[in-house]
There are 2 protein chains.
Amino acid sequence: MKKLPDKTVERLSQYRRSLLNCLANGKKHIFSHEIANLHHITPVQVRRDIMLIGYTGTLRKGYDIQELVDLIGEIIDTDEGQNVAIIGIGNLGRALVTYLQGKRSKLRIAAGFDINKDKVDRVYGGVQCYHIDQLEEIVKKENITIAVITTPADETQKISEMLVKAGIRGILNYTPTAINVPDHVYLEEYDMITSLEKVAFFVKKNSLTV
Amino acid sequence: MKKLPDKTVERLSQYRRSLLNCLANGKKHIFSHEIANLHHITPVQVRRDIMLIGYTGTLRKGYDIQELVDLIGEIIDTDEGQNVAIIGIGNLGRALVTYLQGKRSKLRIAAGFDINKDKVDRVYGGVQCYHIDQLEEIVKKENITIAVITTPADETQKISEMLVKAGIRGILNYTPTAINVPDHVYLEEYDMITSLEKVAFFVKKNSLTV
DNA sequence: ATTAAATTGTTATTTTATTAACAAAATTTT
DNA sequence: AAAATTTTGTTAATAAAATAACAATTTAAT
Ligand SMILES: NC(=O)c1ccc[n+]([C@@H]2O[C@H](COP(=O)([O-])OP(=O)(O)OC[C@H]3O[C@@H](n4cnc5c(N)ncnc54)[C@H](O)[C@@H]3O)[C@@H](O)[C@H]2O)c1
Ligand SMILES: NC(=O)c1ccc[n+]([C@@H]2O[C@H](COP(=O)([O-])OP(=O)(O)OC[C@H]3O[C@@H](n4cnc5c(N)ncnc54)[C@H](O)[C@@H]3O)[C@@H](O)[C@H]2O)c1
């Protein structure tokens, strides 16, 4: 398959989320404009994305939801699934563990890591918390490929180096400190303040233009 | 000023975050390539963004950090600041309150809302939690313009309608249920699973192409 | 049986975003 | 003093993403 646009990959994940929801409600088929409505985009965008992954719906019935879900799975997921570690079992880390665990069959939260004695060796939302010193050992043992960083900001760079050294292949960084990783490690960073400030900016703009 | 590209607005927020950090470390000036390194982008992108907001650095010294921070503030913030409500004081809501409160002088977390008797009338991270029935009253009293939704997913649509009715101007939705709002309300949605799946996809892709 | 309506799939066009190119100015080196 | 270097600011070019246009097909309506 030819290279999928980044934005298409993102949207496929979003489509699957709502498609799974439809399935849960007993819905079997869906039209491009229905998907579009669920995601604030145009039906053409939806059809184009679906075209790019080589799926074909049926005229008048639309897309078979289960087939589409399966195909998106083939694109995003690996057969065996990937194991994920949460680094820093604080407020956000714990919230994430409970949110993510069990949500996707091919993403397993395999371990948490912390430095605080009170947290180490406890279980949070079904996930074992290890001491950060055991990172490399557990990453290897559990075949963890992805890490989510939710430690204090000033630990971020150090943690990211440990993760790279341990052989992690992808990092999702929720701390406000940007990090640098080698090319073979995929990095995604997100800061909630930026989302909030984006909202603030457009609210301000709208009030001015009205 | 002419319309700023969406992406520029996002980056300005990110620049400010790291610039504030530089200031805190006593740094006074910064070059475009330094900002670029902190955000995994090119120096040209940085200069272009800064050009768009009409700021001019000095050759050989770069940008005056304080001036740049102030100017970004003039763009993103309002003079009086905006008040924010967090709807749903669960795991994520509480994490957010403690994270956001006091981080930006022009964004004040003015109230939390929940439906659970145990949470109502308590204070979390300095923020008073009210019953959701008091939404409209408090939104008006505290002049709240922005809401962050962190309730269970099946409450999302109902909550968003209440928010619109209460006069909220911008919504940041962290639940996995997309919502629909009128044009005059700015909506931003984010799902952590999509970020995680994006990482998963690119990790998979990288392992294949190596 | 014909026409109209709905819907997909795909190419073409437009818009938005990023990157490249380079002139201008300040500083440093020779 | 002249040449080289560094860095900004801006326009031009390219790339990526979104939208529009429309043919093709199926079903429904007349
Ligand atoms: N709370 C939020 O909603 C939120 C939102 C966005 C970003 N963040 C960021 O996420 C990070 C975590 O936020 P939080 O509110 O959960 O903070 P927190 O203090 O509650 O949690 C941090 C956890 O990391 C652990 N830790 C510290 N050093 C460590 C190390 N070297 N190795 C492993 N674990 C270590 C601490 O023991 C603690 O359990 C912060 O950087 C924060 O800025 C938080
Ligand atoms: N926990 C995470 O890291 C995470 C990450 C991404 C998204 N989310 C989403 O964020 C939402 C909250 O997650 P959580 O883990 O904090 O859940 P939670 O159950 O801990 O918190 C939900 C809170 O909302 C309150 N609530 C319920 N109905 C309400 C109503 N009608 N009005 C006001 N408050 C109401 C509940 O009393 C509870 O306090 C969920 O939709 C979840 O899918 C969570």
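Since this is a predicted model, take the numbers as computed values, not measurements. Below, chain A is the first sequence line, B the second, and so on; all start at residue 1.
- Without hydrogens or angle criteria, B:Thr151 side chain to B:Ile87 main chain gives no donor-acceptor distance under 3.5 Å.
- Remark: the backbone N or O of B:Val199 is not paired with any side-chain donor or acceptor of A:Glu188 at under 3.5 angstrom.
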Counting primed atoms, P, OP1 and OP2 as sugar-phosphate and everything else as base, the B/S/- map of nucleotides 18-30 of chain C against protein heavy atoms under 4.0 Å is SBB----BBB---

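- The residues B:Lys158 and B:Glu161 are annotated as not salt-bridged, no charged nitrogen and carboxylate oxygen being separated by less than 4.0 angstrom.
- DNA chain C lies under 4.0 Å from at least one heavy atom of each of the following residues of residues 30-37 of chain A: A:Phe31, A:Ser32, A:His33.
- C:dT8 atom P lies 14 Å from atom CD1 of A:Ile53, rounded to whole Å.
- Among pairs with a residue in residues 46-60 of chain B, those fulfilling salt bridge (charged side-chain N to carboxylate O under 4.0 Å, His left out) read B:Arg11-B:Asp49, at least two apart in sequence or across chains.
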Give the table of side-chain donor-acceptor pairs shorter than 3.5 Å for residues 70-77 of chain B, with sequence neighbours excluded, one pair per line with atom names and distance.
residue: B:Asp70; atom: OD1; partner: B:Gln66; partner atom: NE2; Å: 2.9
residue: B:Asp77; atom: OD1; partner: B:Arg16; partner atom: NH2; Å: 3.4
residue: B:Asp77; atom: OD2; partner: B:Arg16; partner atom: NH1; Å: 2.8

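- Here the closest heavy-atom approach between residue B:Leu52 and residue B:Thr8 is recorded as CD1-OG1, 3.9 Å.
- Computed from coordinates, the A:Tyr55 OH to C:dT10 C1' distance equals 18 Å when rounded to whole Å.
- The aromatic rings of B:Tyr190 and A:Tyr190 sit parallel, their planes meeting at an angle under 30°, below the 60° perpendicular limit.
- For the contact set between residues 186-198 of chain B and DNA chain C, defined by any heavy atom under 4.0 Å, there are no members.
- Formation of a donor-acceptor pair under 3.5 Å by the B:Gln82 side chain with backbone atoms of A:Ala200 is found in this model.
- Note: NE2 (A:His29) to C1' (C:dA6) measures 16 Å, nearest angstrom.
- Protein atom NZ of B:Lys3 is 11 Å distant from nucleotide atom C1' of C:dT15, rounded to whole Å.
- Between B:Lys27 and B:Glu34, at least one side-chain nitrogen of the basic residue sits less than 4.0 Å from a carboxylate oxygen of the acidic one, meeting the salt-bridge criterion.
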Are there any protein N/O atoms within less than 3.5 Å of an N/O atom in nucleotides 14-16 of chain D, and if so, which ones and at what distance?
none

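- B:Thr177 contributes atom OG1, which lies 10.0 Å from atom CG of A:Leu38 (distance to the nearest 0.5 angstrom).
- One side chain, B:Glu189 or A:His40, offers a donor N or O that lies under 3.5 Å from an acceptor on the other.
- Listed for the B:Thr145 side chain is no donor-acceptor partner under 3.5 Å among the backbone atoms of B:Arg169.
- Taking atom CG of residue A:Asp64 and atom P of nucleotide C:dT8, one finds them 13 Å apart after rounding to whole Å.
- Taking all atoms of both residues into account, the shortest heavy-atom contact from B:Ile144 to B:Val84 is CG2-C, 4.1 Å.
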